[in-house]
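Taking it in order: structure first as structure tokens, then the write-up.
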Amino acid sequence: MKTEITELLGIEYPVIQGGMAWVAECHLAAAVSNAGGLGLIAAGGAPAEWVREQIRETKKLTDKPFGVNIMLMNPESEKVAKVIVEEGVKVVTTGAGSPEKYMADWKAAGVKVIPVVASVALAKRMERCGADAVVAEGCEAGGHIGELTTMVLVPQVADAVNIPVIAAGGIADGRGMAAAFMLGAKGIQMGTVFAASKESVIHENYKNSILKAKDIDSRVTGRSTGHPIRVLRNDMARKYLELEKSGAPFEELEQLTLGSLRKAVQEGDTKNGSLMAGQIAGMIKEERTCADIISSTVSEACKLMNGVSANE
Ligand SMILES: Cc1cc2nc3c(=O)[nH]c(=O)nc-3n(C[C@H](O)[C@H](O)[C@H](O)COP(=O)(O)O)c2cc1C
């Protein structure tokens, strides 16, 4: 399946595994890349040396292209930006800020830069500063989100920029992929479905929470603080939303979520952990390999778009 995204990234299918703090490490990234998509290691809030190690481990597990996702508000991001160049990583996706100050170094090193955007204005700014593509992520997605849904964001971004657009948020099968293409996307990024995949190293309690979730089981915390995050409902989300409603100070809210994604991913604490996941969790019913997820998504999308299977 050739699109501007497969050409840009040198991959077989235009399917990117979203960077997911604590979740997207070397095993998941390599599994996705080996299956023909683009795997990403998420730097999240981790030290730059952890990112370096993960890059080196991923290289041992795959000879296909893979990338790194960097959260620019993270104090380590300056160091991670350098590690990316030093280790010869060829693709970087960025969130939570603008990558403008790293652009010259990354470009000089031949790194393809793909910022995640939630608005037309940011997409245009990223194009102006030299981005190779953008991920337009709708608020159906798990984790940090913007205001607009994928349905309205993707076509508006596709109209506004000349670089290829990758759709994210609420996609987990070929119907979603085909829909994204109809909206003007040239590739898709999926997060929640890969977090629940066989190769995902998250605690089985967290994985089971995704597999059991129904369509209406996610909540958005942090709207009042300006940092909305989509999670599955649990004790933590309920407490947070109650505190928010009562006008609790920022510090108190911060305290509640400190280290909460790690608690979910590593300890399997489904009560007090932050179970980040998208609205599409309701459609994800079984743990599948990344290869199965990618091949079924692509062949279903091909059938819907062309009336032929991916292998024909
Ligand atoms: C557990 C989790 C953690 C995430 N962490 C990050 C992150 O560190 N950086 C980032 O850019 N996006 C992050 N995201 C968003 C994903 O990269 C991806 O864009 C999103 O999951 C796509 O929507 P979906 O969940 O509906 O598939 C995260 C998502 C999840 C579910």
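Whatever order the structure lists ligands and atoms in, that order sets their numbers, starting from 1. Heads up: numbering here begins at 1 and tracks the sequence.
A donor-acceptor pair under 3.5 Å links the side-chain atoms of Asn34 to the main chain of Leu61, judged by distance alone. Between the side chain of Tyr206 and the main chain of Leu261, no donor-acceptor pair closer than 3.5 Å is present. Side-chain atoms of Glu244 do not come within 3.5 Å of backbone N or O of Thr221 as any donor-acceptor pair. Proximity of a side-chain donor or acceptor of Ser33 to a complementary backbone N or O of Ala30 within less than 3.5 Å is not detected. Counting only distance, with no hydrogens or angles, the side chain of Ser218 and the backbone of Gly278 share no donor-acceptor pair below 3.5 Å. Lys112 places no side-chain N or O within donor-acceptor distance of the main-chain N or O of Leu8, the cut-off being under 3.5 Å.
What sits closest to atom 7 (C) of ligand 1 on the protein, heavy atoms only, is Gly19 O, 3.3 Å. For atom 21 (O) of ligand 1, the nearest non-hydrogen atom of the protein is Gly191 CA, 3.3 Å. Regarding atom 29 (C) of ligand 1, its nearest protein heavy-atom neighbour is Gly142 O, 3.3 Å. Of the protein's non-hydrogen atoms, the one nearest atom 24 (P) of ligand 1 is Thr192 OG1, 3.7 Å. Shortest contact from atom 23 (O) of ligand 1 to any protein heavy atom: Ala141 CB, 3.2 Å.
Taking every non-hydrogen atom of Gly170 and a distance limit under 4.0 Å, the qualifying atoms of ligand 1 come out as 24 (P), 26 (O). Per-residue contacts place Met190 under 4.0 angstrom from the following atoms of ligand 1 (heavy atoms of the residue considered): 27 (O). Taking a cut-off of under 4.0 Å to the non-hydrogen atoms of Gln189, the atoms of ligand 1 that pass are 17 (O), 18 (C), 19 (O).
Heavy-atom distances between Ala195 and ligand 1 stay at or above 4.0 Å for every pair.
If you chain together hydrophobic residues whose side chains sit under 4.5 Å apart, Trp106 and Leu40 never meet in one group. The hydrophobic cluster containing Trp22 also contains Val32, counting ILVMFWY residues as joined when their side-chain heavy atoms lie under 4.5 angstrom apart, directly or transitively.
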Residues 266-273, side-chain donor-acceptor partners within the protein, below 3.5 Å, at least two apart:
residue: Glu267; atom: OE2; partner: Arg262; partner atom: NH1; Å: 3.1
residue: Glu267; atom: OE2; partner: Arg262; partner atom: NH2; Å: 3.1
residue: Asp269; atom: OD1; partner: Lys271; partner atom: N; Å: 3.0
residue: Asp269; atom: OD1; partner: Asn272; partner atom: N; Å: 2.9
residue: Asp269; atom: OD2; partner: Asn272; partner atom: ND2; Å: 3.4

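Between atom 3 (C) of ligand 1 and the options Met20, Gln279, Met71, the minimum heavy-atom separation is to Met20. Comparing heavy-atom distances from atom 19 (O) of ligand 1 across His144, Glu137, Met276 singles out Glu137 as nearest. If you check each of Gly18, Gly169, Gly278, Ser218 against atom 22 (C) of ligand 1, the one with the closest non-hydrogen atom is Gly169.
Counting heavy atoms under 4.0 Å from ligand 1, residue Asn69 touches it through the side chain alone. When non-hydrogen atoms are compared, ligand 1 lies under 4.0 Å from the side chain of Tyr206 (C-beta onward) but not from its backbone.
Once rounded to the nearest 0.5 Å, the distance linking CD of Glu140 with CD1 of Ile145 reads 9.0 Å.
Checked against a 3.5 angstrom limit, the closest N/O atoms of Ala42 and ligand 1 fall outside it. Between Ala21 and ligand 1, an N or O atom pair is found at a separation short of 3.5 Å.
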